[in-house]
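Have a look at the structure below, then the notes.
A, B, ... follow the sequence lines: proteins, then strands. Residue 1 opens every chain.
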Amino acid sequence: MYGRKACQLVKEFASGEKDQLTPFNNDLFDQVISECSQHHHELQSLIRKMQEEGLDVQTARNADHYGALIHLFSIVRNKRCLTAYVYNRTETIRNLLWKIGPVIPKEIEEKLNHWEEEYFKKHSAALRDYMSKALVDLTVDMVPPKDPYIQVRVLEDIREGIVLSDNKNPNFARHSMHFLKRTDAEKYISRGLMEELAG
Amino acid sequence: MASRSVETEPSTQAEDDYNAMLSTTDVELLKRAWRNEKAAPEILPFQSDLIARVREQIELMEETVEEKSTLGTDPLSVSLYQMDLDRTLFLLRSYLRIRILKIEKYMFHIQKTDELWNRLSKDEKFFTERCSDDLKKHLEESVLSKLPENYQSRERQSIISEEDDMRLDIFKFDLPELKSICNRVPEPRLDTFVLCRSKDYLTGIQLGDGPVDDRSKLFEMEAGVLYFICYKSIKPLVESGKIELL
């Protein structure tokens with residue numbers, strides 16, 4: 001039936017968990033695209049047929065006219081479904097950017113298609129650009145601060161790129177515990193390298 | 001903190017004065033702007049003067065903390081200053097962040113609505129443009145360029161503009177409902193309910209919802225009392241600062 005595959009695609013997204021990305025369904029996506037080409041082809045041949053019969057395409061109301069309409073509407077509908085699928089995925093991608101920062105982990109990268117990766121990069125660049133203009137880093141301070149310092153435990157060895165606001169160079173060995181400035185610790189916590197100790 | 005200062009509890013004159021002073025500090029104003037922004041479904045006007053002042057104050061506070069911590073004589077007051085600074089910074093960041101999140105969500109709608117567009121700061125405008133260009137390009141590359149030729153050029157705009165004739169002109173067909181399906185851009189829902197409070201007694205609020213015969217009645221708000229109300233009907237009052245959201 002016309003339009004069913006596009007509907008499946010949208011349903012697949014809708015039934016997925018919110019903020020969870022499923023792998024891009026290239027297979028189904030391409031099938032819908034080719035369905036569109038097929039519709040287009042048949043639409044063209046119907047119009048040609050009407051023209052050959054000497055009918056005015058704009059005013060004639062015969063079976064071919066309505067047949068052509070069905071094809072036209074199918075394309076429009078499919079297009080709408082495809083855009084919805086892609087658009088809603090970008091929304092999830094943008095939310096991910098806030099949660100995990102500008103580096104895509106491997107397991108998520110596999111779920112994105114080529115353009116989505118590009119988009120992710122571009123969007124995170126746009127965000128970075130805004131933050132550097134506004135002179136504030138919006139990715140820290142996600143929860144209201146209670147205390148300027150928090151107790152954290154290091155979950156994985158962090159050897160490189162340690163930047164703390166007091167310019168000290170601590171040894172973040174695995175399982176070691178530290179008392180850090182919350183703003184310093186947050187970026188490690190969001191990357192899963194540290195955890196905050198309750199209390 | 002003075003978050004409860006506006007509530008009408010019995011208090012002495014001195015306390016009232018103190019509360020009145022607190023509620024007009026920039027941090028308090030920022031807190032109000034932040035609360036409003038957080039609760040409102042649509043983007044509110046950017047508080048450019050306030051934000052500029054708050055930035056200056058943050059710089060001053062940073063200097064104070066710096067100065068005091070190099071002296072190293074009074075670690076307790078340093079950490080108090082630091083905490084105050086962190087809280088103000090959080091408010092500022094969160095305020096800007098909420099706005100950016102709204103922009104990300106409703107970029108096309110904001111872009112085509114002048115009223116909303118003018119509420120953005122210069123940097124936000126730039127960000128919005130860049131964002132929507134990126135998204136348009138992404139949609140074009142991954143969907144539209146793969147569709148049959150005739151459906152790309154005009155239809156590309158179908159998610160962002162009103163004029164999408166979808167080649168219906170071949171058939172001289174006018175199907176408004178079909179056009180409207182194809183022109184949906186995500187818009188904020190203004191008919192959601194919000195918690196709000198007024199500082200003064202307000203009257204003559206027209207409620208746009210509820211049963212039809214109730215609509216003509218005007219609603220009044222007591223000062224300091226919490227109401228749960230449809231955002232649409234108090235929208236102008238939020239914009240003029242008469243009502244604050246929670």
(request) Below 4.5 Å from any heavy atom of chain B, which atoms of A/Ala125 appear? Answer side chain, backbone, both or neither. (result) both
(message) Non-hydrogen contacts under 4.5 angstrom with chain A: give the residues of residues 88-105 of chain B involved, or none if there are none.
(response) B/Leu89, B/Phe90, B/Leu92, B/Arg93, B/Leu96, B/Arg97, B/Ile100, B/Leu101, B/Glu104, B/Lys105
(request) In sequence, state the C-alpha distance, the side-chain angles, and the governing distance for A/Glu117 and A/Asn113, and then conclude on side-chain hydrogen bond (donor to acceptor under 3.5 Å, both in side chains). (result) CA-CA 6 Å; A/Glu117 271 175 55; A/Asn113 76 3; over 6 Å; no
(message) Which residue in the set B/Leu245, B/Asn36, B/Val238 passes side-chain contact (heavy atoms from CB on, under 4.5 Å) when paired with B/Cys196?
(response) B/Leu245
(message) Please check this pair: side chain of B/Asp84 against backbone of B/Leu80, looking for a donor-acceptor N/O pair closer than 3.5 Å.
(response) no
(message) Is it the case that the side chains of A/His39 and A/Ser37 hold a donor-acceptor pair, with the cut-off being a distance below 3.5 Å and no angle test?
(response) no
(request) Among B/Lys137, B/Glu141, B/Glu124, single out the residue with the greatest number of heavy-atom pairs under 4.5 Å to chain A. (result) B/Glu141
(request) For the pair A/Tyr119 and A/Arg94, evaluate side-chain hydrogen bond (donor to acceptor under 3.5 Å, both in side chains) and give the outcome as yes or no after the intermediate values. (result) CA-CA 9 Å; A/Tyr119 176 73; A/Arg94 284 197 300 269; 3.0 Å; yes
(message) For B/Arg53, is there an ion pair with B/Asp26 - N to carboxylate O distance below 4.0 angstrom?
(response) yes
(message) Need one label for A/Phe29: side chain, backbone, both or neither, based on atoms under 4.5 Å from any heavy atom in chain B.
(response) side chain
(request) Tell me whether the guanidinium CZ or amine NZ of A/Lys133 lies under 6.0 angstrom from the six-membered ring centre of B/Phe126 and within 45° of its axis. (result) yes
(message) Looking only at heavy atoms and a cut-off of under 4.5 Å, which of A/Val32, A/Ile33, A/Asn95 has the most pairs with chain B?
(response) A/Ile33
I'd like a table of donor-acceptor pairs (distance under 3.5 Å, sequence neighbours excluded) in which one partner is a side-chain atom from residues 45-54 of chain A, with atom names and distances.
from	atom 1	to	atom 2	distance (Å)
A/Ser45	OG	A/Glu42	O	3.0
A/Lys49	NZ	A/Asp64	OD1	3.3
A/Lys49	NZ	A/Asp64	OD2	3.1

(request) Could you tell me whether the side chains of B/Glu42 and B/Tyr106 share a donor-acceptor contact shorter than 3.5 Å? (result) no
(request) Identify the residues of residues 44-52 of chain B whose heavy atoms come closer than 4.5 Å to a heavy atom of chain A, ordered by number, or report 'none'. (result) none
(message) Quick check on A/Glu116 against chain B: is it the side chain, the backbone, both or neither that has a heavy atom closer than 4.5 Å?
(response) both
(message) Between B/Arg119 and B/Glu115, does any NZ, NE, NH1 or NH2 come within less than 4.0 Å of an OD or OE carboxylate oxygen?
(response) yes
(request) Could you go through the side-chain contact (heavy atoms from CB on, under 4.5 Å) check for A/Phe24 and A/Lys111 one step at a time? (result) CA-CA 6 Å; A/Phe24 192 93; A/Lys111 293 177 179 171; over 6 Å; no
(message) Just to verify, what does B/Lys38 make a salt bridge (charged side-chain N to carboxylate O under 4.0 Å, His left out) with, not counting sequence neighbours?
(response) none
